[in-house]
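A short write-up of the structure that comes next.
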Amino acid sequence: MIKISHEFPENYYLEGHTEDLVDYQYCLAHRFLSNDAYREYFYRYKHQGGEVYLDNSLYELGEAFDRHMYQKIIHDLEPNYYFLPDVFNQTVDNIESQLSFLRDISPSTPSEISKPIAICHGMTPKDIISSFRILNSALPDYAMIAIPFGSHAWLNEEDDPKYLRKSKCEDDNARMAANRGIFLNRYYKTLRKRNIHLLGCKGLREIPFINCLESTDFIRSIDTSLPAASALEGNEIKMDYKPKFLIDKNFDMPVRNVDLIRKNAEDFRRQLLTK
């Protein structure tokens with residue numbers, strides 16, 4: 001079964017509105033470092049047996065978190081999984097960034113405590129699958145590989161007929177969501193050689209493609225802000241709707257719309273896990 005985590009503003013964690021909606025918690029490195037209450041929450045959650053993925057905050061900051069500070073956070077929190085420092089939309093630089101970090105941290109980070117997740121990046125689907133093959137060969141067996149939601153590759157600007165073109169789907173978010181789903185089906189036999197994390201979710205149009213896979217056993221987990229961000233705009237999740245609300249830009253907001261967040265999270269889970 002695919003494990004699901006949702007991202008929330010700080011007070012939703014602190015006031016106990018998250019844990020029954022997620023299978024694991026998703027921790028942002030820059031928030032962990034700068035926010036005492038957030039940091040203490042994740043200490044407690046992890047040490048009480050909860051599963052934690054530590055994110056390097058590339059999406060929020062525009063670049064991966066400081067490598068030395070990130071290494072200290074990994075040693076301190078001991079997350080179950082941590083994302084290696086990646087380089088968005090780049091192939092060669094991204095692979096080198098992640099493998100060099102793994103070489104640096106491996107001697108002092110026991111694999112049975114904190115396991116790495118590498119991320120595939122590139123400008124085309126061919127770049128993504130090429131990155132996957134390289135990383136799959138280079139990584140230890142216990143590592144995961146993530147396929148990102150926001151990659152330039154899913155825009156299909158090369159007009160590859162195997163993916164949705166702009167002429168067939170003008171909305172970028174909907175097209176990108178569908179194209180990652182098409183990618184999962186096209187390269188199913190290759191991708192299933194490794195446990196996969198789906199990094200974020202551009203929209204519901206991807207889900208039917210996931211559900212038509214022969215098996216989803218290789219997809220270990222997904223994280224998404226879609227249910228919470230939609231609810232905080234006052235909306236239910238729906239096809240081809242990607243909220244503009246950014247969790248990180250509204251991180252200190254008071255708790256509201258809890259019932260709608262819960263409904264959206266339950267709807268997302270029901271749609272994703274229909275198989």
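Here the structure is a predicted model, which is why all the values come from computation and not from measurement.
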Look only at the side chain of Arg39 and the backbone of Leu33, and say whether a donor-acceptor pair between them is shorter than 3.5 Å. yes
Determine whether Leu139 and Ile113 fall in the same hydrophobic cluster, where Ile, Leu, Val, Met, Phe, Trp and Tyr are linked whenever their side-chain heavy atoms lie under 4.5 Å apart. no
Between Tyr43 and Phe32, is the ring centroid distance below 6.0 Å? yes
Please report the C-alpha distance between Asp248 and Arg31 in whole Å, then the side-chain angles of each, then the deciding distance to 0.1 Å, and finally whether the salt bridge (Lys or Arg N to Asp or Glu O under 4.0 Å) criterion is met. CA-CA 9 Å; Asp248 192 59; Arg31 292 293 181 185; 2.9 Å; yes
Glu10 CD to Asn250 CG distance, which is reported to the nearest 0.5 Å: 13.0 Å
Ser5 and Tyr53: side-chain donor and acceptor closer than 3.5 Å? no
Could you tabulate the donor-acceptor pairs under 3.5 Å formed by side-chain atoms of residues 231-239, not counting sequence neighbours?
| residue | atom | partner | partner atom | Å |
| --- | --- | --- | --- | --- |
| Glu233 | OE1 | Tyr241 | OH | 2.3 |
| Glu233 | OE2 | Lys244 | N | 2.8 |
| Glu233 | OE2 | Phe245 | N | 2.7 |
| Asn235 | ND2 | Tyr241 | OH | 3.0 |

hydrophobic_cluster_shared for Ile73 and Leu102, side chain cutoff 4.5 Å: yes
Could you tell me whether Asp267 and Lys263 make a salt bridge, using a distance below 4.0 angstrom between a side-chain N and a carboxylate O? yes
Under 3.5 Å, which donor-acceptor pairs link side chains of residues 159-170 to any protein atom two or more places apart or in another chain?
| residue | atom | partner | partner atom | Å |
| --- | --- | --- | --- | --- |
| Asp160 | OD1 | Lys162 | N | 2.9 |
| Lys166 | NZ | Glu170 | O | 3.3 |
| Lys166 | NZ | Asp172 | OD1 | 3.4 |

Between Met123 and Val87, is there shared hydrophobic-cluster membership here, with clusters defined by ILVMFWY side-chain heavy atoms closer than 4.5 Å? no
Lys242 side chain near Lys202 side chain, heavy-atom distance below 4.5 Å: yes
Is it the case that Asp223 and His197 place a side-chain donor and acceptor less than 3.5 Å from each other? yes
Please confirm whether the ring centroid of Phe251 lies under 6.0 Å from the ring centroid of Tyr38. yes
Should Ile207 and Phe218 be regarded as members of a common hydrophobic cluster, given that ILVMFWY residues are connected when their side-chain heavy atoms come within less than 4.5 Å of each other, either directly or indirectly? yes
Any heavy-atom pair between the side chains of Leu77 and Tyr82 that's under 4.5 Å? no
Check: Thr224 and Phe149 side chains under 4.5 Å, non-hydrogen atoms: no
Ignoring hydrogens and geometry, is there a side-chain-to-backbone donor-acceptor pair from Asp23 to Ile4 under 3.5 Å? yes
With sequence neighbours left out, write down each residue that passes side chain to side chain donor-acceptor pair (under 3.5 Å) with Arg256, or none if nothing qualifies. none
Under-4.0 Å salt bridge between Asp259 and Arg262: no
Do you know which two heavy atoms are closest between Asn179 and Leu155, and how far apart they sit? ND2-C, 4.4 Å
Side chain to side chain donor-acceptor pair (under 3.5 Å) pairs, two or more places apart, involving residues 129-145: Asn136-Arg194
For His6 and Asn264, does a side-chain donor sit closer than 3.5 Å to a side-chain acceptor? no
So, Ser57 side chain and Leu28 main chain: donor-acceptor pair closer than 3.5 Å or not? no
Testing the 3.5 Å rule here: is there a donor-acceptor pair between the side chains of Gln98 and Asn94? yes
Do side-chain atoms of Trp154 reach the backbone of Pro148 as a donor and acceptor pair under 3.5 angstrom? yes
Is there a side-chain contact between Tyr81 and Pro116 in this structure, where contact means two heavy atoms from C-beta onward sitting under 4.5 Å apart? no
When you measure from the side chain of Arg180 to the backbone N and O of Ser151, does any donor-acceptor pair fall under 3.5 Å? no
Within the side chain of Asn185, is there an N or O that forms a donor-acceptor pair under 3.5 Å with the backbone of Phe209? yes
When rounded to the nearest 0.5 Å, the distance separating SG of Cys120 from CD1 of Ile95 is 7.5 Å
Tell me the closest heavy-atom pair linking Ile196 and Leu191, and the distance in Å. CG1-O, 3.8 Å
Can you pull the ring pair (Phe, Tyr, Trp, His ring centres under 6.0 Å) pairs that have at least one residue in residues 96-128, sequence neighbours excluded? Tyr70-Phe101, Phe88-His121
Contact list for residues 101-112, test salt bridge (Lys or Arg N to Asp or Glu O under 4.0 Å), sequence neighbours left out: Glu96-Arg103
Glu158, CD atom: more than 12 neighbouring heavy atoms under 6.0 Å: no
Report the distance from atom CG of Asn89 to atom CD1 of Ile128, rounding to the nearest 0.5 Å. 8.0 Å
Any side-chain heavy atom of Ile105 within less than 4.5 Å of one from His75? yes
Does some side-chain heavy atom of Met253 sit less than 4.5 Å from a side-chain heavy atom of Asn11? no
To the closest 0.5 Å, what do you measure between SG (Cys27) and CD (Glu7)? 11.0 Å
Side chains of Leu21 and Phe8: closer than 4.5 Å at any heavy-atom pair? yes
Hey, could you give me the CZ/CD distance between Arg192 and Glu214, rounded to the nearest 0.5 Å? 6.0 Å
Counting only N and O atoms by type, is there a donor-acceptor contact under 3.5 Å from the side chain of Asp171 to the main-chain atoms of Ala174? yes
Say whether Gln25 and Tyr13, considering side chains only, have a donor N or O and an acceptor N or O under 3.5 Å apart. no
With a 3.5 Å distance limit and no angle check, can you tell me whether Asn257 reaches the backbone of Leu260 through a side-chain donor-acceptor pair? no
Side chains of Leu84 and Leu99: closer than 4.5 Å at any heavy-atom pair? no
